[in-house]
Amino acid sequence: MTEKETNEIREEKKSLNFIEQIVEEDLKSGKHKEIITRFPPEPNGYLHIGHAKSIILNFGLGEKYNGKTNLRFDDTNPVKEDVEYADSILEDVKWLGYKWHGEVRYASDYFEQLYEWAIKLIKDGYAYVDDQSGEEISATRGTPLQPGKESPFRNRSVEENLDLFERMRKGEFKDGEKVLRAKIDMSSPNMHMRDPVMYRIKHAEHHRTGNKWCIYPMYDFTHGQSDYIEGITHSICTLEFENHRPLYDWFLDRIYEEGKTRPRQIEFARLNLSYTVMSKRKLLKLVENGYVSGWDDPRMPTISGLRRRGYTPESLKIFAEKVGVAKRENIIDVGLLEYSVREHLNKTAQRLMTVLDPLKVTITNYPEDKEEMLPAVNNPEDESAGTREVPFSGTLYIEREDFREEANRKFFRLKPGGEVRLRYAYFIKCNEVIKDENGNITELLCTYDPLSKGGKSPDGRKVKGTLHWVSAKHAVDVDVRLYDRLFSDETPDGHKDKDFTEFINPESLSVLKNCKSEPFIKNAVPGDRFQFERKGYFCVDKDSSKDKIIINRTVALRDSRSKKNG
RNA sequence: UGACCCAUGGUGUAACGGUAGCACUGCAGAUUUUGGUUCUGCCUGUCUAGGUUCGAAUCCUGGUGGGUCAGCCA
């Protein structure tokens, strides 16, 4: 290898994000021989693009450093969780292309162990049963500026605590009657250290443990220990858990046994995207109030929505890579997400010609009844994709916007007396414009140049415009759903006095009926992706039936024409 | 008036005490049978005030600005 080549490799080497740096240091120092990360969703909603970032981060780390990544449901609150959500989460992770290590894990599988640790803490004088009501606990917790007050039950004997806690488990008390709290410091400047609740009573059926338990551990008493049980080395979460870290460590300090892997919590900034909302609550509102058709509506920033919209797993990985990982609050331009799909789809998508807004064109000098098949390239970025045959005839459709009666110099599509190329077909010249009684253009009469077959210039004359087209006789009617951003404001939930729903874009969906596509589309099945030449990337929707193909626009092609004024 | 965290072009993200780089966006141009792709060039940045140092985006201190925390949610 030459010096130049090694330099190039060095230059191409991506710099590490701060978590990768920590991982590499831990591996290098021998702190860990192998890393184990985890993705720990609560099954209480659908995953969104922000979760995708986290999934890609965690599983990506596992892959990159030859470690493992677990998938664990943080299912400690039975009243909010549901198998429907759990199933969708599994589907999304699989779709992204990741395989979790071993079986799916559940925090609920650790309830017995957690209970034993709770007993240990009681015995060691680190936990107590509190009889105060929720309101009382809340009122005595203090504020960030003022210390809290100790519970009158804080100094119960170990024996009494043990007895009470056991009876909590047995179901002797009603919801809210008692809780188990950690005995830490009611005057701590960190609110999470003011005797946090470890267990609460909920006589509710759990989606996995059924009615076995009526006490459920809180997140803080569950997460770190679950990490510990699984041998997680790097427990990566978002910034809002930063203040929980002292508590995460406090519990671990009390149960940790020498020689075992001790997990480290690391926080990074969650993803925010412009022109959308990301919180589960708000997404739920969009679904419940019918602003969208469901969690997988192609306008939703959910993984299932993006999938239906036509995004590829690869495109989301490209996106995650470009977005990076850091601790700074951020709002990513949705344009970067769009750029990422285009980048992937440009290299992989089958090209097709589809006319979205048809205008009839009759080739007056083309022999009546004649048809011919013309070869077209399937993907100019991928020679191995080969070619296909596209039928041509004397009656065609072109895009209505590709013709203008009055056109300036910068408009180099079809105009009266002007000549354009029909892609892979012929040069045509417009001779006559036919209109209805209202003055609407209904048809164009053109002539073609037989010598320009294949779109080649027979005499070297320049024809700047190239249009897509479809033979009328062979056209397949399809419905196309055009999507635009769901909100008209960059940060719809960033206004104090206005609800985010006020910024919903009324034109986020428009449906085009009877678009004309070439016959190739007939074999398409839901999920198939195409580039409709000159228009954008599209994806066959699951709503398609045998007699009607329905297509979603993933994203339009970049368009430098609309930015200038051609 | 507390604790913790953060601060680099319009947006993201590097630089680990030694020339502020990359990507996206924007602008200009080349190529082009997609006004796509590709290629070239350009614009724009270290929150502020001190300090340490031969040298500071980087280390220290004070400000300023932003985020998180008062669920028996995660």
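First the proteins, then the strands, lettered A, B, ... as listed; each starts at 1.
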*Asks:* Hey, does the side chain of A:Ser138 come within less than 4.0 Å of B:G71's phosphate (OP1/OP2), counting only N and O?
*Replies:*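 Yes, because at least one side-chain N or O of A:Ser138 sits under 4.0 Å from OP1 or OP2 of B:G71.
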*Asks:* Quick check: any donor-acceptor pair below 3.5 Å linking the side-chain of A:Gln21 to the base of B:C16?
*Replies:*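 Yes.
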*Asks:* Tell whether A:Glu381 reaches the base of B:G36 with its side chain through a donor-acceptor pair below 3.5 angstrom.
*Replies:*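 In this structure, the two groups form a donor-acceptor pair.
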*Asks:* Taking for each residue the nucleotide of RNA chain B with the nearest heavy atom, is it A:Arg200 or A:Lys453 whose nucleotide lies nearer the 5' end?
*Replies:*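 Taking each residue's closest nucleotide, the earlier one in sequence belongs to A:Lys453.
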*Asks:* Rounded to whole Å, how long is the line connecting atom CG of A:Leu337 with atom C1' of B:A23?
*Replies:*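 From A:Leu337 CG to B:A23 C1': 15 Å.
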*Asks:* Do A:Asp493 and A:Lys282 sit within salt-bridge range, that is, some charged N less than 4.0 Å from a carboxylate O?
*Replies:*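 Salt bridge: yes.
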*Asks:* Can we say A:Arg413 and A:Glu399 salt-bridge, meaning some charged N sits less than 4.0 Å from an Asp/Glu carboxylate O?
*Replies:*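 Judged by the 4.0 Å cut-off on N to carboxylate O distance, A:Arg413 and A:Glu399 do not form a salt bridge.
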*Asks:* Please confirm whether A:Arg169 makes a cation-pi placement over A:Tyr115, using NZ or CZ under 6.0 Å from the six-membered ring centre and within 45° of the ring normal.
*Replies:*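 Yes, A:Arg169 lies over the aromatic ring of A:Tyr115.
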*Asks:* Ring of A:Tyr126, cation from A:Lys183 - is the NZ or CZ under 6.0 Å from the centre and inside 45° of the axis?
*Replies:*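 No, a cation-pi geometry is absent between A:Lys183 and A:Tyr126.
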*Asks:* Taking the C1' atom in each of B:A14 and B:U58, what is the distance between them to the nearest angstrom?
*Replies:*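 Approximately 12 Å lies between the C1' atom of B:A14 and that of B:U58.
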*Asks:* How many whole angstroms separate atom CH2 of A:Trp469 from atom P of B:U34?
*Replies:*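 Nearest whole value for this atom pair: 15 Å.
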*Asks:* With a 4.0 Å limit, can you tell me whether A:Arg141 has a side-chain N or O closer than that to the phosphate oxygens OP1/OP2 of B:C72?
*Replies:*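 The answer is yes; a side-chain N or O of A:Arg141 sits under 4.0 Å from OP1 or OP2.
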*Asks:* If we call it a pair only when both distances are under 3.5 Å in a Watson-Crick or G-U wobble match, what pairs with B:U64?
*Replies:*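 When the pairing criteria are applied, B:A7 turns out to be the nucleotide that pairs with B:U64.
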*Asks:* Please give, in whole Å, the distance from B:U34 P to A:Tyr537 OH?
*Replies:*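 One finds 13 Å between P of B:U34 and OH of A:Tyr537, rounded.
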*Asks:* Side chains of A:Glu343 and A:Lys347: closer than 4.5 Å at any heavy-atom pair?
*Replies:*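 Yes - at least one pair of side-chain heavy atoms lies under 4.5 Å apart.
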*Asks:* What is the glycosidic conformation of B:G45: syn, defined as within 90° of 0, or anti?
*Replies:*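 Anti, which is what one calls it when the glycosidic angle falls more than 90° from 0.
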*Asks:* Mind checking whether A:Asn77 and A:Tyr216 have side chains closer than 4.5 Å, heavy atoms only?
*Replies:*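 Sidechains of A:Tyr216 and A:Asn77: no contact.
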*Asks:* Mind checking A:Val325 for me? I need base, sugar-phosphate or nothing, with any heavy atom below 4.0 Å counting as a touch.
*Replies:*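 Here A:Val325 touches the backbone only, sparing every base.
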*Asks:* How would you label the contact of A:Glu343 with the nucleic acid (heavy atoms, under 4.0 Å): base, sugar-phosphate, or nothing?
*Replies:*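 If one applies the 4.0 Å heavy-atom cut-off, A:Glu343 turns out to touch nothing in the nucleic acid.
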*Asks:* If B:C59 has a Watson-Crick or G-U wobble mate with both distances under 3.5 Å, name it; if not, just say none.
*Replies:*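 B:C59 is paired with B:G51.
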*Asks:* Using the C1' atoms only, state how far B:C73 lies from B:G65, rounded to an integer number of Å.
*Replies:*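 Comparing C1' positions in B:G65 and B:C73 gives a spacing of 30 Å.
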*Asks:* Quick one: A:Arg245 CZ to B:A3 P, roughly how many Å, whole number?
*Replies:*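 The answer, rounded to whole Å, is 17 Å.
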*Asks:* Write down the partner of B:C22 under the Watson-Crick or G-U wobble criteria, each distance required to be under 3.5 Å.
*Replies:*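 Across all strands, the one nucleotide that pairs with B:C22 is B:G12.
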*Asks:* Could you tell me how far B:A28 sits from B:G36 if I compare only their P atoms? Round to whole Å.
*Replies:*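 Rounded to whole Å, the distance is 13 Å.
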*Asks:* Return whichever of A:Lys202 or A:Asn330 has its heavy-atom-nearest nucleotide of RNA chain B closer to the 5' end.
*Replies:*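 This one resolves to A:Asn330.
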*Asks:* Is the phosphate of B:G35, meaning OP1 or OP2, less than 4.0 Å from a side-chain N or O of A:Arg534?
*Replies:*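 It does, given that an N or O in the side chain of A:Arg534 lies less than 4.0 Å from OP1 or OP2 of B:G35.
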*Asks:* Is A:Arg200 salt-bridged to A:Asp175, cutoff N-O under 4.0 Å?
*Replies:*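 So A:Arg200 does not pair with A:Asp175 through a salt bridge.
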*Asks:* Does any N or O donor sit under 3.5 Å from an N or O acceptor when you compare the side chain of A:Arg328 with the base of B:G12?
*Replies:*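 No pair found.
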*Asks:* Quick one: A:Tyr424 OH to B:U34 P, roughly how many Å, whole number?
*Replies:*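 Nearest whole value for this atom pair: 8 Å.
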*Asks:* Both distances below 3.5 Å, Watson-Crick or wobble geometry, any strand: find the nucleotide opposite B:U1.
*Replies:*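 B:U1 is paired with nothing.
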*Asks:* Which of these passes salt bridge (Lys or Arg N to Asp or Glu O under 4.0 Å) with A:Asp449: A:Lys456, A:Arg421, A:Arg461?
*Replies:*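 With A:Asp449 as partner, salt bridge (Lys or Arg N to Asp or Glu O under 4.0 Å) holds for just one option, A:Arg461.
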*Asks:* Considering Watson-Crick and G-U wobble pairs with both distances under 3.5 Å, what does B:C27 pair with?
*Replies:*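 By the stated definition (distances under 3.5 Å), B:G41 pairs with B:C27.
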*Asks:* Can you confirm whether A:His468 sits close enough to A:Lys535 that some side-chain heavy atom of one is under 4.5 Å from a side-chain heavy atom of the other?
*Replies:*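 A:His468 vs A:Lys535: side chains touch.
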*Asks:* For a quick test of reading the model: is some side-chain N or O of A:Ser560 closer than 4.0 Å to OP1 or OP2 of B:G36?
*Replies:*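 Yes, within the criterion.
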*Asks:* Rounded to the Å, how far apart are A:Asp195 CG and B:C72 P?
*Replies:*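 A:Asp195 atom CG is separated from B:C72 atom P by 12 Å.
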*Asks:* Does A:His244 get its side chain close enough to the base of B:A74, under 3.5 Å, for a donor-acceptor pair?
*Replies:*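 By the distance-only test, yes, there is a pair.
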*Asks:* Measuring only the P atom in each nucleotide, how far is B:C69 from B:G50? A whole number of Å is fine.
*Replies:*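 Their P atoms lie roughly 36 Å apart.
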*Asks:* For the side chain of A:Asn346 and the base of B:U37, is some donor closer than 3.5 Å to an acceptor across the two?
*Replies:*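 No such pair is found, so the answer is no.
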*Asks:* Given the structure, check if the side chain of A:Gln531 and the base of B:U34 hold any donor-acceptor pair shorter than 3.5 Å.
*Replies:*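 For A:Gln531, whose side chain was compared with the base of B:U34, there is a donor-acceptor pair (under 3.5 Å).
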*Asks:* Measuring only the P atom in each nucleotide, how far is B:U31 from B:G21? A whole number of Å is fine.
*Replies:*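 Per the computed distance, 30 Å lies between those P atoms.
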*Asks:* By the 4.0 Å heavy-atom rule, please label A:Met218 as base, sugar-phosphate, or nothing.
*Replies:*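 The residue A:Met218 makes sugar-phosphate contact but no base contact.
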*Asks:* Nearest whole angstrom, please: distance from the C1' of B:U37 to the NZ of A:Lys535.
*Replies:*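 To the nearest whole Å, that distance equals 18 Å.
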*Asks:* Can you see if the side chain of A:Arg558 gets near the phosphate of B:U37 - specifically, an N or O under 4.0 Å from OP1 or OP2?
*Replies:*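 The answer is yes; a side-chain N or O of A:Arg558 sits under 4.0 Å from OP1 or OP2.
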*Asks:* For A:Phe241, which contact category applies under a 4.0 Å heavy-atom criterion: base, sugar-phosphate, or nothing?
*Replies:*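 Here A:Phe241 touches the bases of the nucleic acid.
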*Asks:* Taking the C1' atom of each, how far is B:U11 from B:G62, in whole Å?
*Replies:*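 Result for the C1' pair: 31 Å, nearest Å.
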*Asks:* Using atom P of each nucleotide, how far apart are B:G9 and B:U46 to the nearest Å?
*Replies:*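 After rounding to an integer number of Å, I get 7 Å for this pair.
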*Asks:* So, is A:Ser188 close to the B:A3 phosphate, meaning a side-chain N or O under 4.0 Å from OP1 or OP2?
*Replies:*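 False: A:Ser188 side-chain N/O out of range (4.0 Å or more) of B:A3 OP1/OP2.
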*Asks:* CZ of A:Arg423 versus C1' of B:G35: gap in Å, rounded?
*Replies:*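 Taking CZ of A:Arg423 and C1' of B:G35, I get 12 Å after rounding.
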*Asks:* Please classify the nucleic acid contact of A:Tyr216 as base, sugar-phosphate, or nothing, using heavy-atom distances under 4.0 Å.
*Replies:*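 The answer is nothing, as A:Tyr216 stays clear of every strand by at least 4.0 Å.
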*Asks:* So, is A:Tyr219 near the phosphate of B:C73, with a side-chain N or O under 4.0 Å from OP1 or OP2?
*Replies:*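 Looking at the OP1 and OP2 atoms of B:C73, neither is under 4.0 Å from any side-chain N or O of A:Tyr219.
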*Asks:* Tell me which nucleotide, if any, is Watson-Crick or G-U wobble paired with B:A74 when both distances must be under 3.5 Å.
*Replies:*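 For B:A74, the partner nucleotide comes out as none, under the 3.5 Å rule.
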*Asks:* Determine the Euclidean distance between corresponding C1' atoms of B:U48 and B:U40; express it in Å to zero decimal places.
*Replies:*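 That atom pair is separated by 39 Å.
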